[in-house]
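Worksheet: one structure, shown below.
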There are 2 protein chains.
Amino acid sequence: MVELIFIFKEWLYNFVKEGVLMQLYNTSQYAIRVLNFIANHSDNRLYSAKELSEVLNIPYKFLTKIMGILVKTGFISSIQGREGGYELNKPASEIKLIDILNTFNDDTDNESCILGIGICDSLNKCALHDQWMEPKSLMRKMFEETTLNNLTCKDCKL
Amino acid sequence: MVELIFIFKEWLYNFVKEGVLMQLYNTSQYAIRVLNFIANHSDNRLYSAKELSEVLNIPYKFLTKIMGILVKTGFISSIQGREGGYELNKPASEIKLIDILNTFNDDTDNESCILGIGICDSLNKCALHDQWMEPKSLMRKMFEETTLNNLTCKDCKL
DNA sequence: TTCAATTACTACTTAAAGGTAGAATTTAAA
DNA sequence: TTTAAATTCTACCTTTAAGTAGTAATTGAA
Ligand code: SF4
Ligand code: SF4
């Protein structure tokens with residue numbers, strides 16, 4: 001019941017309006033959460049799409065689509081059939097956030113940027129360039145240096 | 001009960017809108033560039049949609065749609081008819097980037113964030129929270145503190 | 001007055017992300 | 001062997017940002 005009340009509170013908030021600023025694709029968010037969940041429960045067992053969908057509250061059918069991509073791109077391997085599921089294909093310390101984002105075309109290249117005016121370099125900059133460089137580089141640093149084993153966090157939302 | 005909660009979560013899901021990508025909407029980019037162009041050429045004349053479209057390389061028909069919004073939201077005023085055009089409605093120093101973004105639903109509230117998991121506060125955080133706070137706050141600071149008169153930049157791309 | 005340049009309005013189309021449906025395939029437990 | 005639980009595959013639907021089209025209304029200049 002407590003959980004229901006919390007969910008309802010959440011619904012009220014989101015129903016009114018959920019705006020976003022500089023946000024990742026849903027797909028990228030889901031992928032990070034899935035991979036991180038598996039990484040931080042790595043007790044050598046398989047995780048089924050059904051379990052992941054319920055625990056992480058990601059639509060089942062959309063999740064299975066994402067899992068297929070994660071398998072093909074080598075982040076995870078899958079065991080088919082009854083009692084099957086997914087497991088990490090490499091150590092959590094080798095999975096960088098930037099790799100996950102690139103998989104889902106969350107643009108991380110330097111060519112297109114905050115004002116999106118063609119190719120950018122120090123000689124060819126837009127009016128926001130100087131202000132944007134510091135936040136941008138910190139953000140890139142985070143995505144490039146954070147691996148799944150940096151995200152071990154008890155009691156964090158899943 | 002667990003089943004009921006899961007069903008409720010699935011149902012709730014339909015009402016939750018989630019994010020875009022780690023960049024601004026095209027519309028926001030265009031709006032910033034248009035307003036900044038007018039602001040940094042403020043020699044008391046009007047700028048027509050045709051001129052703005054050509055100089056800034058923004059599709060004419062899309063631009064006029066955006067201009068209509070900027071007029072209604074009070075950023076600019078328009079003079080109709082032959083020799084008409086647009087001009088800033090208030091000093092460049094009073095137009096913050098964050099206000100432009102909010103106009104086009106590049107929303108900036110703190111509730112939804114990088115992993116997009118419901119309501120966020122210090123007690124209820126996601127696995128990326130600690131890493132994300134610094135880049136995020138710098139980014140917000142930039143949008144909140146930068147006004148159009150901070151963007152006067154010779155030879156910058158338009 | 002006429003006309004051309006302009007904004008304003010309504011409606012439509014396109015592209016891409018987000019999400020769903022259903023059935024085939026695999027596999028281990030019963 | 002049968003069956004249920006699981007992945008995989010193809011195709012489709014929905015939503016929203018992005019962009020286009022056409023026309024009415026406005027207005028100063030010729
Ligand atoms: S901030 Fe710099 S790199 Fe980004 S769009 Fe502007 S000029 Fe290009
Ligand atoms: S980084 Fe913090 S504020 Fe952002 S989604 Fe995660 S918990 Fe919420």
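Below, chains carry the letters A, B, ... as their sequence lines are ordered, and counting in each starts from 1. Bear in mind that the values here come from a model prediction, so they are computed numbers and not experimental data.
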At under 4.0 Å between heavy atoms, what does B:Thr64 touch on the DNA or RNA strands: base, sugar-phosphate, or nothing?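 If one applies the 4.0 Å heavy-atom cut-off, B:Thr64 turns out to touch nothing in the nucleic acid.
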
Classify B:Tyr60 by what it touches in the nucleic acid, base, sugar-phosphate, or nothing, heavy-atom distance under 4.0 Å. base

Grab the [atom1]-[atom2] distance between [X] and [N] for me, whole Å please.
X	N	atom1	atom2	value
B:Glu51	C:dT6	CD	C1'	13 Å
B:Gln23	D:dA17	CD	C1'	12 Å
B:Gln80	D:dA24	CD	P	16 Å
A:Leu63	C:dA21	CG	P	15 Å
A:Glu87	D:dT7	CD	C1'	14 Å
A:Ile79	C:dT26	CD1	P	14 Å
A:Tyr25	C:dG19	OH	P	14 Å
B:Leu70	C:dA8	CG	C1'	14 Å

How long is the gap from CD1 on A:Ile114 to CE on A:Met133, to the nearest 0.5 Å?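 Reported to 0.5 Å precision, the distance equals 8.5 Å.
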
Nearest to the side chain of [X], heavy atoms from C-beta on, is which of [options]?
X	options	value
B:Pro59	D:dT20, C:dA17, C:dT7	D:dT20
B:Tyr86	D:dT8, D:dA18, C:dA8	C:dA8
A:Phe62	D:dA6, C:dG18, D:dA18	C:dG18
A:Ala49	C:dT6, D:dG19, D:dT7	D:dT7

Strictly by salt bridge (charged side-chain N to carboxylate O under 4.0 Å, His left out), give each pair with a member in residues 47-64 of chain B just once, sequence neighbours left out.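 Qualifying pairs: B:Arg45-B:Glu51, B:Lys50-B:Glu54.
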
Using only side-chain N and O atoms of A:Asn26, determine if any of them is under 4.0 Å from OP1 or OP2 of C:dG19. yes

Quick one: is C:dA8 close enough that its OP1 or OP2 comes under 4.0 Å of any side-chain N or O from B:Ser78?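 B:Ser78 to C:dA8 OP1/OP2: side-chain N or O found under 4.0 Å.
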
How do A:Lys72 and A:Glu83 order along DNA chain D: which one's closest nucleotide is nearer the 5' end?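 The residue whose closest nucleotide sits nearer the 5' end is A:Glu83.
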
Taking for B:Lys65 and for B:Ser48 the nucleotide of DNA chain C with the nearest heavy atom, the one nearer the 5' end belongs to B:Ser48

Ignoring hydrogens and angles, answer whether the base of D:dG22 and the side-chain atoms of B:Lys61 contain a donor-acceptor pair closer than 3.5 Å.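 Yes.
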
When you compare the side chain of B:Thr146 with that of B:Lys141, does any pair of heavy atoms fall below 4.5 Å?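 No, their side chains stay 4.5 Å or more apart.
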
Measure the shortest side-chain to side-chain distance between A:Tyr86 and A:Leu46 over non-hydrogen atoms and say whether it is less than 4.5 angstrom. no

Under a 3.5 Å distance rule, please check whether A:Lys157 uses its side chain to pair with a backbone N or O of B:Asn124 as donor and acceptor. yes

